[in-house]
> 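I'd like to ask you about the structure that follows.
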Number of protein chains: 2
Amino acid sequence: MVNNQNQHLDEVFHALADPTRRGMLSQLAGRERTVSDLAGPYDISLAAASKHIKVLERAGLLHRNVKGRQHICRLNPKSLSKAYEWLRFYERFWNEKLDALEALLNEEDKKTKKK
Amino acid sequence: MVNNQNQHLDEVFHALADPTRRGMLSQLAGRERTVSDLAGPYDISLAAASKHIKVLERAGLLHRNVKGRQHICRLNPKSLSKAYEWLRFYERFWNEKLDALEALLNEEDKKTKKK
DNA sequence: ATTATATTCAACCAAATGGTTAACAATCAG
DNA sequence: CTGATTGTTAACCATTTGGTTGAATATAAT
């Protein structure tokens with residue numbers, strides 16, 4: 001169970017670690033796109049694009065609907081939530097740290113003013 | 001500029017795509033830890049841990065303070081913000097989608113009730 | 001001065017990654 | 001039926017990754 005979640009996080013973060021794949025996701029925000037559409041902006045073969053899309057699909061970031069000879073892809077942002085939650089924890093931690101730093105600086109400031 | 005940002009996102013997401021490295025970050029939430037500390041829970045050599053830490057460091061997720069023979073590591077969650085922002089965009093998109101779905105279902109429900 | 005501790009570095013290895021080209025499969029259009 | 005279009009699959013290749021072991025470096029302790 002925990003392993004499956006970790007596995008999923010691995011896949012999602014790995015999928016996001018490539019600029020081509022992130023670009024494809026950007027293209028998908030809002031509308032559906034075919035494999036050719038997604039490959040379009042990049043100087044890579046259709047085969048390469050196909051692989052990228054498969055990575056996104058296995059990570060659950062993208063759903064595919066085969067319609068005739070076209071594969072219609074759409075974003076499945078739901079699968080991002082685990083990664084988002086994970087990051088949010090550290091983001092929160094960062095904010096807390098900043099708050100602590102601010103508090104510390106205020107303390108210092110008070111002392112300085114007392115002098 | 002954009003390329004540098006992309007490069008940074010690549011590094012951050014790649015760093016996060018490994019369970020050992022995510023575990024190390026978890027260990028670092030709150031307190032500082034030495035390289036040995038970070039390696040401790042895992043069945044890997046110190047050399048391997050050293051490499052993981054370097055990946056986290058290059059991604060800007062971790063800062064190192066060499067104190068004598070120990071390397072004291074601390075989390076630098078600030079560097080997560082770019083990745084967090086990126087994910088938040090899609091998370092928001094997801095929520096919008098869910099809202100749209102909910103609205104649609106409500107519509108359907110109204111129709112059903114009208115019958 | 002010697003020894004133990006903490007860590008990195010270099011060389012190596014197997015597996016995964018991102019790309020290619022060429023062949024195949026399926027669907028659509030004339 | 002014949003092509004043209006849309007994608008996937010297979011085989012291959014160079015590079016990166018995550019791991020190892022062994023040697024090197026630097027500091028601390030005795």
Side-chain angles (χ1 to χ4, degrees), chain A residues 3 6-28 31-76 83, chain B residues 3 6-28 31-75:
Chain A
N3 272 343
N6 284 346
Q7 173 76 23
H8 182 240
L9 270 187
D10 287 0
E11 286 173 348
V12 170
F13 281 130
H14 171 246
L16 296 181
D18 183 281
T20 301
R21 287 192 291 263
R22 284 199 307 278
M24 286 176 163
L25 291 181
S26 290
Q27 280 186 79
L28 285 171
R31 53 193 159 198
E32 300 182 326
R33 300 223 146 264
T34 70
V35 171
S36 300
D37 287 341
L38 290 175
Y42 306 102
D43 195 19
I44 57 176
S45 66
L46 256 181
S50 182
K51 283 187 190 178
H52 279 304
I53 291 170
K54 219 179 300 177
V55 170
L56 292 168
E57 199 176 16
R58 263 184 269 132
L61 294 170
L62 177 154
H63 273 335
R64 182 192 307 243
N65 200 288
V66 180
K67 202 150 199 172
R69 55 186 161 173
Q70 292 184 318
H71 294 208
I72 312 286
C73 303
R74 70 174 194 280
L75 192 55
N76 176 29
Chain B
N3 272 340
N6 285 346
Q7 172 77 23
H8 181 239
L9 270 187
D10 288 0
E11 286 173 348
V12 170
F13 281 130
H14 170 247
L16 297 180
D18 182 282
T20 300
R21 286 193 291 263
R22 284 198 309 277
M24 286 176 163
L25 290 181
S26 289
Q27 280 186 79
L28 285 171
R31 53 194 159 197
E32 300 182 327
R33 300 222 147 263
T34 70
V35 171
S36 300
D37 286 342
L38 291 174
Y42 306 101
D43 195 20
I44 58 176
S45 66
L46 257 179
S50 182
K51 283 186 189 178
H52 279 303
I53 292 170
K54 218 179 300 178
V55 170
L56 292 168
E57 199 177 15
R58 263 184 269 132
L61 295 170
L62 176 155
H63 273 335
R64 182 192 307 244
N65 200 288
V66 179
K67 202 149 198 172
R69 54 186 162 174
Q70 291 183 320
H71 294 207
I72 312 287
C73 303
R74 69 173 195 281
L75 192 56

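A, B, ... follow the sequence lines: proteins, then strands. Residue 1 opens every chain.
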> Tell me, which pairs form a salt bridge (Lys or Arg N to Asp or Glu O under 4.0 Å) where one or both residues lie in residues 37-46 of chain B, sequence neighbours left out?
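Of all non-adjacent pairs touching residues 37-46 of chain B, those that pass salt bridge (Lys or Arg N to Asp or Glu O under 4.0 Å) are B:Arg33-B:Asp37.
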> Could you run through nucleotides 22-30 of chain C and give me one letter per nucleotide, 5' to 3': B if any protein heavy atom sits under 4.0 Å from the base, S if only the sugar-phosphate is that close, - if neither?
-----BS--
> At their closest point, which heavy atom of A:Met24 faces which heavy atom of A:Tyr42, and how far apart are they?
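Shortest heavy-atom contact: N-OH, 3.6 Å.
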> Under the side chain to side chain donor-acceptor pair (under 3.5 Å) test, which residues partner B:Ser45, sequence neighbours left out?
none
> Under the rule for side chain to side chain donor-acceptor pair (under 3.5 Å), what residues qualify as partners of B:Ser36, not counting sequence neighbours?
none
> Can you tell me how far CG of B:Leu16 sits from CG of A:Leu9, rounded to the nearest 0.5 angstrom?
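Going from the CG atom of A:Leu9 to the CG atom of B:Leu16 covers 9.0 Å.
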> Atom CG of A:Asp10 and atom C1' of D:dT17: how far apart are they, to the nearest Å?
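My rounded result for the distance is 13 Å.
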> Using the side chain to side chain donor-acceptor pair (under 3.5 Å) definition, which of the options B:Gln7, B:His8, B:His14 pairs with B:Glu11?
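With B:Glu11 as partner, side chain to side chain donor-acceptor pair (under 3.5 Å) holds for just one option, B:Gln7.
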> Write out a two-atom table: protein N or O, nucleotide N or O from nucleotides 14-16 of chain D, distance below 3.5 Å.
none

> Listed in order of residue number, which residues of residues 51-59 of chain B have a non-hydrogen atom at under 4.0 Å from DNA chain C?
B:Lys51, B:Lys54
> Atom CZ of A:Phe13 and atom P of D:dT17: how far apart are they, to the nearest Å?
17 Å
> What nucleic acid atoms does B:Leu46 come within less than 4.0 Å of, heavy atoms only: base, sugar-phosphate, or nothing?
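Since a base atom lies under 4.0 Å of B:Leu46, the category is base.
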> Compare every heavy atom of B:Cys73 with every heavy atom of B:Leu28, then report the nearest pair and how far apart it is.
CD2-O, 3.3 Å
> Let me check something: any side-chain donor-acceptor pairs from residues 50-61 of chain B under 3.5 Å, sequence neighbours excluded? List them with distances.
| from | atom 1 | to | atom 2 | distance (Å) |
| --- | --- | --- | --- | --- |
| B:His52 | ND1 | B:Arg21 | NH1 | 3.1 |
| B:Glu57 | OE1 | B:Arg64 | NE | 3.2 |
| B:Glu57 | OE1 | B:Arg64 | NH2 | 2.7 |
| B:Glu57 | OE2 | B:Arg64 | NE | 3.1 |

> Hey, what do you get for CD (A:Glu32) to CG (A:Leu38), rounding to the nearest 0.5 Å?
11.0 Å
> Find the distance B:Leu62:CG to C:dT7:P and express it as a whole number of Å.
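It works out to 12 Å between those atoms.
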> What residues form a salt bridge (charged side-chain N to carboxylate O under 4.0 Å, His left out) with A:Asp18, not counting sequence neighbours?
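Counting only residues at least two positions away or on another chain, A:Asp18 forms no salt bridge (charged side-chain N to carboxylate O under 4.0 Å, His left out).
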> So which of residues 32-40 of chain A are in contact with DNA chain D, with a heavy-atom cut-off of under 4.0 Å?
A:Thr34, A:Val35, A:Ser36
> Going by side chain to side chain contact (heavy atoms under 4.5 Å, CB included), A:Thr34 matches just one of A:Lys67, A:Gln70, A:Arg69. Which one?
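Single side chain to side chain contact (heavy atoms under 4.5 Å, CB included) partner of A:Thr34 among A:Lys67, A:Gln70, A:Arg69: A:Gln70.
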> Between A:Ile44 and B:His71, which residue's closest nucleotide on DNA chain C lies nearer the 5′ terminus?
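On the 5' side of the pair lies B:His71.
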> Provide the closest heavy-atom pair for B:Ala39 versus B:Leu46 in the form atom of the first, atom of the second, distance.
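The answer is CB-CD2, 4.1 Å.
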> Output all residues satisfying side-chain contact (heavy atoms from CB on, under 4.5 Å) with A:Pro41, sequence neighbours left out; order by chain, then residue number.
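Partners of A:Pro41 under the side-chain contact (heavy atoms from CB on, under 4.5 Å) test: A:Gln27.
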> Take atom CE of B:Met24 and atom P of C:dT7, then tell me their distance rounded to the nearest Å.
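Value for this atom pair: 11 Å.
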> Using atom CG of B:Asp18 as one end and atom P of C:dT17 as the other, report the distance to the nearest whole Å.
12 Å
> Are OP1 or OP2 of D:dG19 and a side-chain N or O of B:Ser45 less than 4.0 angstrom apart?
no
